[in-house]
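Side-chain atoms are counted along with the backbone in the values below, which use heavy atoms only and exclude waters and symmetry mates. Just so we're clear, the structure is a prediction, and the values are computed from it rather than from any experiment.
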Amino acid sequence: MTRVVVTGGSGRLGRSVVAGLAEAGYDVVSVDRALPPEAQRAAAHRAVEHRAAELTDPGATLALMRAERPDAVVNLAAIAVPFSAPEHVILQTNAVIAHTVAEAATEAGARRIVMASSPTVLGYGSPAGWLPPALPLTEDTPPRPWHAYGLSKHVAEQVAQMFAAARGGSVRYASFRPCYVIAPEEWAGAPTQQGHTVRERLDDPALAAPALFNYVDARDVTTFLEALLEGMGAVRNGDTFFVGAADALARRPLAELIPQFVPGSEELAAGLTGTAPAFSIDKAREELGWEPARSWRTELREDAGDPVSGELAGAGRHGKDTA
């Protein structure tokens, strides 16, 4: 049985990843700064082990990894919201965690190490203005982070590439950029990370526009990670993948919406017709055979708990926490 350490396992994304990997048959150790409340531990998969560790401390992190001896490590630990702490604190914390976890996992003998990044590395939303070379955005779109959170996630990707360059093929590294994560309870009306509900983000495009209408169900991130852990030997060492839903978090085509919020993007966005998202997941599809299974059209619930029906449900079927 593959033993996987998931750092940040108590977070919005971490809870789903830990439960999903355990359900899939992995031997999972969830690590966070503090042990989760007893109720959360009781609700987790019974096979999951929980550990507390300060992951900015290299000695403590190495001791943890040596004690657990994982085959694989998925690093989700980070300050997860831009501007939620002083910029230097976010940059230092997230960059140090990425390097400390990668180094300790490597030294402890893990052979597959995955870093959580963020689409924000691309720099959309910059107050100085931003236009990409093309839409949809892909892994080849040049990074242009404009805040400490985006920069820290770019550093995490570089950490993975640095270790891959140093280790050759003996250890496999990868990074992934999860879009705006929707946890399962948020489909039923619980607030999302920014405090709005999913329905509010759909009703008011201005709420979803800062993330370019991207999203992903946390459970789909888990199936991506399963595909990545199984397929890391077949992809370029240190590579990066976007992970998102197959559609946009919007009721209207992004060809209409994005130009309202990104000045000068009319021609770039013209091809984003129908339900097409601004972020391409073709690389994950082609190289790992992964496909998201969930959409707001299939998952969003009315107050009574019934699936959305009528126009929305018939609109088509085709989700790090911050994006």
Side-chain angles (χ1 to χ4, degrees), residues 12-13 80-84 118-120 122-132 135-137 146-147 149-150 177-218 220-221 242-266 268-279 292 294-323:
R12 166 180 272 100
L13 176 57
V81 180
F83 308 114
S84 61
S118 166
T120 60
L122 299 187
Y124 51 85
S126 169
W130 173 87
L131 281 175
L135 288 170
L137 303 164
W146 65 272
H147 48 56
Y149 176 80
R177 299 168 177 170
C179 290
Y180 190 89
V181 173
I182 306 295
E185 65 273 14
E186 292 164 12
W187 296 120
T192 65
Q193 184 162 313
Q194 299 301 326
H196 316 106
T197 66
V198 176
R199 189 173 300 281
E200 287 171 334
R201 291 176 75 85
L202 284 165
D203 290 343
D204 183 357
L207 297 178
L212 297 182
F213 306 94
N214 75 47
Y215 79 106
V216 66
D217 188 292
D220 283 335
V221 179
F242 273 119
V243 182
D247 63 352
L249 192 66
R251 292 193 172 103
R252 292 159 53 201
L254 297 194
E256 300 175 16
L257 288 174
I258 285 183
Q260 296 180 25
F261 300 96
V262 183
S265 64
E266 289 81 2
L268 292 171
L272 300 179
T273 57
T275 63
F279 295 80
R294 298 166 181 88
S295 161
W296 67 265
R297 295 173 169 84
T298 63
E299 303 301 313
L300 187 61
R301 302 282 170 169
E302 298 285 8
D303 292 341
D306 295 324
V308 174
S309 59
E311 178 185 357
L312 299 186
R317 174 173 183 158
H318 289 284
K320 212 103 188 346
D321 289 10
T322 295

Looking at [atom1] of [X] and [atom2] of [Y], how far apart are the two atoms once the value is rounded to the nearest 0.5 Å?
X      : Y      : atom1 : atom2 : value
His196 : Asp203 : NE2   : CG    : 12.0 Å
Leu257 : Leu272 : CG    : CG    : 10.5 Å
Leu249 : Leu254 : CG    : CG    : 10.0 Å
Thr120 : His147 : OG1   : NE2   : 5.0 Å
Trp187 : Thr192 : CH2   : OG1   : 10.5 Å
Leu202 : Leu207 : CG    : CG    : 10.0 Å

Exactly one candidate in Arg201, Arg301, Arg12, Arg294 meets salt bridge (charged side-chain N to carboxylate O under 4.0 Å, His left out) with Glu186; the answer is Arg12
Just wondering, do [Y] and [X] contact through their side chains at under 4.5 Å, heavy atoms?
X      : Y      : value
Ser295 : Tyr215 : yes
Leu131 : Ser265 : yes
Arg177 : Pro119 : yes
Leu268 : Ile258 : no

(message) Less than 6.0 angstrom from the centroid, inside 45 degrees of the normal: does Arg252 satisfy that with respect to the ring of Phe213?
(response) no
Tyr149 and Ser84 side chains, donor-acceptor separation under 3.5 Å = no
How far apart are the closest heavy atoms of [X] and [Y], and which atoms are they?
X      : Y      : result
Ala270 : Ala255 : O-CB, 3.9 Å
Phe261 : Ala209 : CG-CB, 3.5 Å
Ala246 : Pro277 : O-CD, 3.5 Å
Gly244 : Pro292 : O-CG, 3.6 Å
Trp130 : Leu122 : NE1-O, 3.1 Å

*asked:* Check whether Gln193 reaches the backbone of Ala80 with its side chain - one donor and one acceptor, N or O, closer than 3.5 Å.
replied: yes
* Side chain of Asp247, backbone of Thr275: donor and acceptor closer than 3.5 Å? -> no
query: Tyr124 and Phe279: aromatic ring centres closer than 6.0 Å?
result: yes
For Asp204, the side-chain hydrogen bond (donor to acceptor under 3.5 Å, both in side chains) test, sequence neighbours excluded, returns none
Across all chains, not counting sequence neighbours, the side chain to side chain contact (heavy atoms under 4.5 Å, CB included) partners of Thr197 are Arg199, Glu200
